[in-house]
Amino acid sequence: MRISELLRMVFINIMSNKSKCALTSLGIVVGSATIVLVIGIGQGGKLDVAEQFKNLNAGAVEVSVGQSADTMMENMMGGAPFGGMPNGSQNRPGGQGSPSGMGSQRQSSGGQSRGGRSGGMGFQGGRSSAVKLTEDDVSDIISVVPNIESISIVADGTAAVDGGELEEETEFTVAGVMSDYCDITNLSVQYGSFFTEDDDLDRSKVCVLGYKTAQNIFGAAYLAVGEFISVEGKNYEVIGVLSSMGSVLSGISPDEAVYIPYSTAAKYIFGSNISPKITAVAGDVSYVEDVVADIQTVLTQNYPNAVFTVTDAGSEMQAAQRSADTLQTLLIAVASIVFIVGGIGIMNVLFVTVKERTAEIGLLKALGSKRTVILMEFLLEAAMIALFGGVIGVGAGYALIPVVELTGTRVVAVSAAGILSLGFALITGTVFGFYPAYKASRLTPIEALNEN
Amino acid sequence: MEVISMKDIRKSYHMGENTLEVLKGISLTVNEGEFLAVLGPSGSGKSTLMNVIGCMDGFDSGEYILSGNAVHDMDDGELTDIRNRYIGFIFQRYHLIPKYNVLRNVMMPLLLRGASSSDAEEAAREKLDRLGMSDRIYHKPNELSGGQQQRVAIARALVGGPAILLADEPTGALDSVTGKEVLKLFCELNEEGNTIVMITHDMNVASNAKRIIRITDGELTD
């Protein structure tokens, strides 16, 4: 039998049973739509991750003073040091001897030559971050740790700002950073320039404004450079305005911040309540591990009792990427299940169809239909129904993207998802259609003819 | 010229421990241009014989030559081809495909053979014309009367130019007037040179044939 005639036969079969075929394809419709949405959501998740990290260098490392479970315990125990840190606690000011044998036994493992730096800060009863990173730590790191491309200390707080078109003093986020910060975080300057190393050293009264900050204070971003603003009563020259970023970096939204050289901010603006972090960029991603270890060594020497949290952007990105991947895998698993259910639906209906059309199959065999013709007839019918369902499903999937986006989930229309869906639909129809089709092809003509 | 040559065809059905011998050594020769009726009551084995003649069922032993083809040596695929080329089936209940129109029903044997749509349509129209059905070709079978449906079925049987027309109780589902018309048609077709084998339990029907053989308990008697 010619393929064209076979296809015409299949077409007539489907058209003479439209509603049944439509219902049969429902499972495939849902499956295909699910695949399109799932891939779209997965892709959206990946883009979200990528955007979240777009200002972070893969080689970036961030160090902050961590609040470990030990220090929390310490607070609860009325300030007695627990001494759980591997480097011991013998230099800890105000240490009253450890109530924990486990902790104190580890003291000897510390034995650092240079300690007590944190002594100057004093132990503030009940406050966990007794240790505060300083510019001196940055200098120490620069002088000791190789393969660091750029490094900056960062702290932020709020300060009253006045000037420009502001009618009254307004609170803004003020970030104290060093000149390298701009490179570390991939910030770009739209007007003017970022501050220099000299500004760090001289405690210059200059500032760089975030895009929205500049708009808020001066009405338009390009008007800001060269003007002065008052921060906590002192005047600062605006030397630059950043490009609009739209993202958040370690808790600071660059668009809405005022950047001031750290030394300046530390002296004039920040009180004692800040917790500065150090961020650095390794010369190459492969150095990140060494750099992390080296920085930890330096800081442990400076503050033997403190716990530092070191996060590197690379592994954070990887973790986020992994969770996005996991999400997608999970969603694809769900879609596969839907497809299998859809396939079983097709198989069921085909079984019923074979039963219903037994006499027809018998007649076709009597008239000279080869087994392969019967097999192909039913297989093509299943494939067509599935393909039809696939096309409808893919259309529905793309059409539903805006609806899903209403829930705040980011969905990206991926054209490959449509093709994949159609492929899946076709495969599902063919695979699940095979058994009923095979059964039909094995019917003997007399048995089939005598069926009714 | 011999169209059918059967020698000592035997066939048994096994049901559990019982063996039922349905065809007990049938030998039958049908020549070209004959109109033969096989007459027998139900249970005589006439349906089984019809299935064997029609190459729809195998048999245990014996020799069957259909138009020079040794049917007894053939596998399922070859038998399918033989049915398509040499046998024109006419069934009691017509067995038209309900979703196809008359034309397409008649075209089926040629389409299954691999003929092009246009060739098959031409041949089908010719046969439908011969049977007086040319004004009904786009109707569906359920829009036709029983007699008309049987005419369509006969057109389908004729379209492939078979060696024999094999009719199984062709008037069994028709009223007596229509049944007579169909039998008259059979006689005409036979006059035109078609070889016809008709299976029936009805002597009145069988009497239209030129030659009658009786089958009783799986054996032929003249």
Side-chain angles (χ1 to χ4, degrees), chain A residues 1-22 349-350 352-378 380-381 384-385 438-452, chain B residues 13 47-58 75-101 103-121 140-142 153 156-157 159-160 162 166 168:
Chain A
M1 195 167 194
R2 298 189 177 195
I3 295 292
S4 57
E5 288 306 321
L6 191 60
L7 287 174
R8 190 177 306 188
M9 195 154 114
V10 169
F11 181 73
I12 295 175
N13 288 344
I14 291 176
M15 292 317 278
S16 59
N17 244 324
K18 289 191 205 76
S19 55
K20 190 195 207 169
C21 292
V349 174
L350 272 190
V352 174
T353 306
V354 168
K355 193 83 184 157
E356 279 172 2
R357 302 218 313 244
T358 303
E360 177 192 321
I361 295 163
L363 176 79
L364 287 175
K365 297 206 98 178
L367 294 184
S369 230
K370 292 215 162 45
R371 278 180 185 164
T372 48
V373 170
I374 305 279
L375 184 76
M376 287 306 289
E377 184 191 350
F378 279 87
L380 281 173
E381 216 170 303
M384 291 288 177
I385 292 171
Y438 176 78
K439 287 285 247 192
S441 74
R442 303 303 290 189
L443 286 171
T444 64
I446 354 166
E447 274 175 278
L449 273 176
N450 293 340
E451 184 73 14
N452 43 357
Chain B
Y13 288 112
S47 288
T48 306
L49 179 61
M50 135 113 194
N51 289 336
V52 170
I53 294 174
C55 302
M56 291 203 287
D57 203 357
D75 63 24
D76 183 80
E78 290 169 311
L79 287 176
T80 304
D81 263 343
I82 291 287
R83 285 198 296 274
N84 181 270
R85 292 186 181 275
Y86 296 99
I87 313 241
F89 288 101
I90 298 159
F91 301 99
Q92 181 177 359
R93 304 215 55 95
Y94 334 123
H95 281 303
L96 299 175
I97 297 175
K99 63 198 157 199
Y100 295 165
N101 62 26
L103 183 63
R104 195 168 177 82
N105 263 291
V106 177
M107 283 161 70
M108 276 320 283
L110 295 179
L111 293 179
L112 288 172
R113 198 181 287 186
S116 72
S117 195
S118 55
D119 289 351
E121 184 173 333
K140 294 279 175 66
N142 61 6
R156 182 180 63 192
V159 80
L166 185 57
D168 181 17

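Each chain gets a letter, A, B and so on, in the order the sequences are listed, and its residues count up from 1.
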A/K439 atom NZ: more than 12 heavy-atom contacts under 6.0 Å: no

Smallest separation among heavy atoms of A/G368 and B/N84, with atom names: CA-CB, 3.8 Å

Between B/R156, B/R113, B/M108, B/M107, the one whose heavy-atom pairs under 4.5 Å with chain A are most numerous: B/R156

Leading residue by heavy atom contact count with chain A [cutoff under 4.5 Å; candidates B/G160, B/S116, B/P98]: B/S116

Side chain / backbone / both / neither for B/A120 at chain A, heavy atoms under 4.5 Å: neither

Proximity breakdown for B/R85 and chain A, heavy-atom pairs closer than 4.5 Å: neither

Minimum heavy-atom distance between B/G114 and A/R2, given as atom pair plus value: O-NE, 3.0 Å

Inter-chain contacts: residues 5-15 of chain A against chain B, heavy atoms under 4.5 Å: A/E5, A/R8, A/M9, A/I12, A/N13

Under 4.5 Å from any heavy atom of chain A - which part of B/D57: both

Top of A/R357, A/M1, A/R371, A/E360 for chain B proximity - count of heavy-atom pairs under 4.5 angstrom: A/M1

Carboxylate-amine/guanidinium contact B/D81 A/K370, below 4.0 Å: yes

Heavy-atom donor-acceptor pair, B/R83 side chain to A/L367 backbone, under 3.5 Å: no

Validation row: A/L364, B/I97 side chains within 4.5 angstrom (heavy atoms): yes

Interface moiety of A/S16 toward chain B, non-hydrogen atoms closer than 4.5 Å: side chain

Nearest-0.5 Å distance that lies between atom CG in A/L449 and atom CZ in B/R93: 13.0 Å

Side chain to side chain, A/L363 and B/F91, heavy atoms closer than 4.5 Å: yes

